[in-house]
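Note on naming: letters A, B, ... go to the chains in the order of the sequence lines (proteins, then strands), and numbering restarts at 1 for each one. All figures in this text were calculated on a predicted structure; none of them were measured in a lab.
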Amino acid sequence: MDLDLSSEDERFREEVRDWLHENVPKEPAPPYGPEYREYCRQWQRTQFEGGWAGISWPSEYGGCGLPPIRQMIWHQENARANAPAVGVNFVGLNHGGPTLIACGTEEQKAYHLPRILRGDIVWCQGFSEPSAGSDLAALKTRGVVDGDDLVVNGQKIWTSYAEHADFQELLVRTDPDASKHGGISWLICDMNLPGVEVRPIKTMTGHSHFSEVFYTDVRIPLSNMVGELNDGWRVTMATLSFERGTAFMSGQIELAKVVESLIELAKNTTGPDGRRPAIQDDGIARSLGMIRAEVSALRCLTLASISRALESEMPGPEGSITKLFYADLSMRVRQLALEILGGQALERTPQGWTNEYLGAFNVAIGGGTSEIQRNIIGERVLGLPRDRNRK
Amino acid sequence: MDLDLSSEDERFREEVRDWLHENVPKEPAPPYGPEYREYCRQWQRTQFEGGWAGISWPSEYGGCGLPPIRQMIWHQENARANAPAVGVNFVGLNHGGPTLIACGTEEQKAYHLPRILRGDIVWCQGFSEPSAGSDLAALKTRGVVDGDDLVVNGQKIWTSYAEHADFQELLVRTDPDASKHGGISWLICDMNLPGVEVRPIKTMTGHSHFSEVFYTDVRIPLSNMVGELNDGWRVTMATLSFERGTAFMSGQIELAKVVESLIELAKNTTGPDGRRPAIQDDGIARSLGMIRAEVSALRCLTLASISRALESEMPGPEGSITKLFYADLSMRVRQLALEILGGQALERTPQGWTNEYLGAFNVAIGGGTSEIQRNIIGERVLGLPRDRNRK
Amino acid sequence: MNLLPDSQQQEIIDATAGFLESEFPLSRLHESEEPVPISRELWQTMAELGWFGLGLSEELGGTGFTLAEEALLFRELGRVLAPTNVLAASLAVRVASLAHQSELAESIIGGNQRVAIAETADMESTLGENVTGRFRCIDGSDVELVLCSSAQGFALVTRDALGQGDVVPCMDEHTHLEIFDIGGLPALAFAPTEMDSIQNRGSVLAASMLVGSSEAARDQATEYAKERQQFGKPIGVFQAIKHKCADMASRCEAATWQTFYAALAVRDGHADATFQASAAKLLSAKAATENGQANILVHGGYGVTAEYDAHLFLKRSHVLDLLIGTHGEHLTRVLHEPTAA
Amino acid sequence: MNLLPDSQQQEIIDATAGFLESEFPLSRLHESEEPVPISRELWQTMAELGWFGLGLSEELGGTGFTLAEEALLFRELGRVLAPTNVLAASLAVRVASLAHQSELAESIIGGNQRVAIAETADMESTLGENVTGRFRCIDGSDVELVLCSSAQGFALVTRDALGQGDVVPCMDEHTHLEIFDIGGLPALAFAPTEMDSIQNRGSVLAASMLVGSSEAARDQATEYAKERQQFGKPIGVFQAIKHKCADMASRCEAATWQTFYAALAVRDGHADATFQASAAKLLSAKAATENGQANILVHGGYGVTAEYDAHLFLKRSHVLDLLIGTHGEHLTRVLHEPTAA
């Protein structure tokens, strides 16, 4: 047990800090559209050219080959420098890429990994379907082998940044007669193939965070399969373990910043008595204190994941604890903001707390609802028996 | 919709108040033991002799034959007069007796009801078993017909006041080959029969609220069966509807008094800052306010039950909402007391808040856990599909 | 004593629900992302139904029912997320009547002047003969009168006199939100808080709308839980969902009966009327916002889409929560006012 | 950076757990309803194991490990609901050492003097050369020294000098609770809060015991949920139970890693040490009390019986929660102290 950063780690932090100071874009990110995509890609390319992309990815594919703690340092310094968020590159960097590293062929790795790191290509996810949400393995999108291709027909939903993506991690059912988990394959789908259609879904914040994707006779080469035919569920578990595990590193740092700004809000907003600043209200002060302690615990959960990653490549089911804790805390932070704001909470500004509050429901649902995380914790961390209702 | 009490109701209230003023025992109840039983029985007999027993019970069995609102008025005035709690007579008055009224034979009613009202006999419950708790219908205690008797062998648990009781509402399995709910019978068991053995269970508050009861070849006359042989589950549902419904009338009034004393506590206890009285703490004041509003809502839930009782004899599944609300609120009231007391909460006095806190877990578990109440609300109030895990 | 609606009241409920189903279907909120003011025609129809004077005696020009029937009407309005103008009109009629402005009252009752409510936004506002302070005006884009509300009472002013306020996008996109800084504007009519228990009436009506919203959210979540299949079962089979719905039902039940009780206590001038009205507002606000959140979560991914109704209930519950006093004010009252005997 | 115990630390954990399993089985708490003081022999054995000076350097007479290893030891002590005397002794050794009372320190390390902790019970107490105020002394029925604790620091006094206090039945029947009103008693040794981060050390050790208690409660509930059958299934199949257990695991995980981090931050003198120590105390107290409650509820009726262990964890968690500062003090610190970079 130690918190020590080696002198190399410290030097790394200094170098990152200096480089970010010089290179973080001055102009803010455009809110959406092709300009947003370009902004994200350009920032990724800048990182790549500076030698900072894929901190803990293997160096043979353009990564830095450094231990995960360096990735954490990188995220910390990015937050300190107010560097742009990962944006459209989230899936490629945080679970698409790591899945290829763990399960992909040499060709797949050689093609995609450097391109993801350079910001040349954008990845998105194609897992959920309209009737396969929490019950992901119920997916029905069909893939039929025809020569060297899989011919895909069906529909996906909740695909973030689909309209910006070049490739997609796509789950299809390739053996409808096999057991539910036994007939699924994991594909790399080129989003520009004929027959792929993207339709954005509008959310309650007024934005389109995600889309439906429709597939009509889309021909995907079999060489784009990750893992074996019908063995995609194993690969999926790897993807989900990355999604629920290490992908939260930057989210946690972001949330810590949100909490500090919430404290500022409480200093500058009149409290429930209509007279003193909210932070002088005994109850609000206690809630703020507890939330600050909890965001610290979230950070420690992340550090524990990093520590475990020193021993094993693949994040374990404990990632679901981090996800659950993160989702619950994210929601409560925004609820406290609403309590502090009182009537002002009705006034909606694009970057304001009200939108944050509405957006927080995404966090509790996306990447597996909190109920699903509790099932995983109960069954895979604690070893409680599986629910027979779930066929 | 009206809150009006008729002039007869008001006159009734006056009469109750006057009578209680004259008749409420001056000496407090002994804490336990045979003296406690005698105290409760004596108080019941005093009520009976004064003409106040069984306010809403039929007059042919010694009751007053009055509408349920009079029962409510009676409870209110009892609380105001600090009259003794119902104590050992709870089961007889609140669900044993009402079950007989709904489902018993003429002989059963004629024998038991007046005696319950007079305080001559004490009833207890014999439903749960060690492996039949939430899954009540899994009960295994066997009853075998032999001539005019049922011969009973087995064990019950969580029987409140078993050591004081003369009779028990006893569920036994009379057809082991029938469906789970189809082979149960509801019996009146004389607790003084040979083969009945009572063993008190000590709880975490240090008291013995309830007991195990063992049955060895206990011969119960078939004439003591309520409802038909193997049709006891229907009778049980009636008993439970009374237990979860109208039985909360006095509990709600009691809790309202507890909340008022909690507010007094907050005035007289130094708060979290170690300087001001707890009630001046913004957060504690808000919690107290909300709890006071909630106990008022609990009262309104009870009044709604009374209103429904004007139209139907049997309480509906909404009683589970009252039970759930009551259990949750009971617990939170005591948790707030602990927060107000701070370190003082460690100091345990027999009637103090610390024991109230520990005792509140009983409320959340006894009479069906909050999880069971939520199942009932989900399935029987809202019509959601039944869980297939529950065989 | 009977908290259940009687047969005449049940008729009011049924007729109102039927009318609202055709005139205020929830689908209307998916046809526009802007607030849709109630049309003049529809407003006139409501006037003819007697809604604006529902709780006012016939001798004062009202329909001759009481606050109990008003509570039932507003519960139905809350169910369909109707704009708050009916509530504003109902209170405005009473304010005008209490200020002996019978012509004004008649004009509102008759549907000739439409009303919006404006809730105080600071502690410095004063209401009386004149109105001063900052107010958040709800659903006031196309009205003739504005009813200013604060802990001091209610004051009625003309919309024209307020000039152009600061129109702010609202959390609820179907609610028009405009902020006015008012400096000493003479009121057409003023009623202080205690007069005819006017503020308690407002609390009960707002609570009734919140009750309706919380019940509709409960019903939506329950219906979805019966229909939506995952793992080969309706999701309502799973306790994680079933128990969420049960908690929604429990919150509704508590809020509903507390609100009905409060309506009667206020109507009949009981000593605990203020306590009951504030308790109703608090419990119904809690039920509406928590059920609004739970409804979204029961709907999973679909709950956060604009296409489904779930988010509409949450957003509207926060708007209604703002009306007639802050949490802090109501909590102070329930802590210090006398409760029921 | 690595938060996981290394192999040497794992050995300490395993050895401690083995020792405690035989010397402090939970069954001992069912054999008596009174507090059972640690016997002289057992105390001596602990001394020989080097527990009282575990985190003290060898040159000061300690075992030469650090606060990290102490945290691991106290987690195990928390798991078996051991009395708080080891914690008192561990802090007392450091207080004596900081006050250059090396003989006193050696005597405690050697097990010759047993120690109890007494937490301030009012805001008027003062700690320094002299001790004044009201204190709640925990597990002090058979000790030679008492360590008085308040926000000002720690002061060591002899048990004899305190005379007879007011023995009060404790919520936890296995904890001896005695209240002392002390007026200007000279201290044998005093260490102010900041010195050697002594208060933060205390917070971390109390947090470690709370973590142990919360983990043991989680494990008990989980085991019970696997074994107990209802409706023909282990109750752990049902989400109402499964998700309760999952929430228990989540609280444990957060408290554990926060506490380990705090142990290291305090040991290494980081700028955020106070923040981390207070955060650890708050999260572990929350985990222990909430898991204590949940464990009882998972056990159903059996959870409230004296015969089962479940209630023991809840009661002890409230005792441990009392040690080394109130919630209010820790919440103020976490709100105002600097956090990690």
Considering all heavy atoms, the nearest [X]-[Y] contact:
| X | Y | result |
| --- | --- | --- |
| A/S307 | D/M1 | OG-CE, 3.7 Å |
| A/L384 | D/A225 | CD2-CB, 3.7 Å |
| D/V237 | A/P385 | CG2-CG, 3.6 Å |
| D/R218 | A/L382 | CD-CD2, 4.1 Å |
| D/L335 | A/A285 | CD2-O, 3.6 Å |
| A/M290 | D/K286 | CE-CD, 3.5 Å |

If you define the side chain from C-beta out and look only at heavy atoms, does anything of [X] sit under 4.5 Å from [Y]?
| X | Y | value |
| --- | --- | --- |
| D/H243 | A/I377 | no |
| A/L303 | D/Y261 | yes |
| A/S296 | D/F275 | yes |

Please classify the contact between [X] and chain A as side chain, backbone, both or neither, with a heavy-atom cut-off of under 4.5 Å.
| X | answer |
| --- | --- |
| D/Q9 | side chain |
| D/A265 | both |
| D/D219 | neither |
| D/H336 | backbone |
| D/I241 | neither |
| D/E223 | neither |

Original post:
Between A/D328, A/I253, A/L288, A/D4, which residue shows the highest count of heavy-atom pairs closer than 4.5 Å to chain D?
Top reply: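 Answer, by heavy-atom pair count under 4.5 Å with chain D: A/D4.
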
Got a second to check how far [X]'s [atom1] is from [Y]'s [atom2], nearest 0.5 Å?
| X | Y | atom1 | atom2 | result |
| --- | --- | --- | --- | --- |
| D/D6 | A/M1 | CG | CE | 9.0 Å |
| A/I321 | D/W257 | CD1 | CH2 | 10.5 Å |
| A/S305 | D/E253 | OG | CD | 8.5 Å |
| A/E260 | D/T339 | CD | OG1 | 5.0 Å |
| A/I291 | D/L331 | CD1 | CG | 11.5 Å |

Side chain, backbone, both or neither of [X] within contact of chain D (heavy atoms, under 4.5 Å):
| X | answer |
| --- | --- |
| A/D282 | neither |
| A/L3 | both |
| A/Q373 | neither |
| A/I69 | side chain |

Original post:
Where the side chain of A/R374 meets the backbone of D/A246, is there a donor-acceptor pair that is under 3.5 Å apart?
Top reply: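 Judged by distance alone, no pair lies under 3.5 Å.
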
**OP:** Please list, in residue-number order, every residue in residues 262-272 of chain A that has a heavy atom less than 4.5 Å from any heavy atom of chain D; write 'none' if there are none.
**Re:** A/I263

**OP:** Would you kindly say whether D/Q239 and A/D387 are connected by a side-chain donor-acceptor distance under 3.5 Å?
**Re:** no

**OP:** Please list all pairs passing the ring-ring contact (aromatic ring centres under 6.0 Å, His included) test where one or both residues lie in residues 293-320 of chain A, with sequence neighbours left out.
**Re:**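 Sorted pair list comes back empty.
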
Original post:
Does a salt bridge link A/R286 with D/E329, judged by any charged N lying under 4.0 Å from a carboxylate O?
Top reply: no

**OP:** Give a yes or no on this: more than 12 heavy atoms of other residues, nucleotides or ligands lie within 6.0 Å of atom CD of D/Q8.
**Re:** no

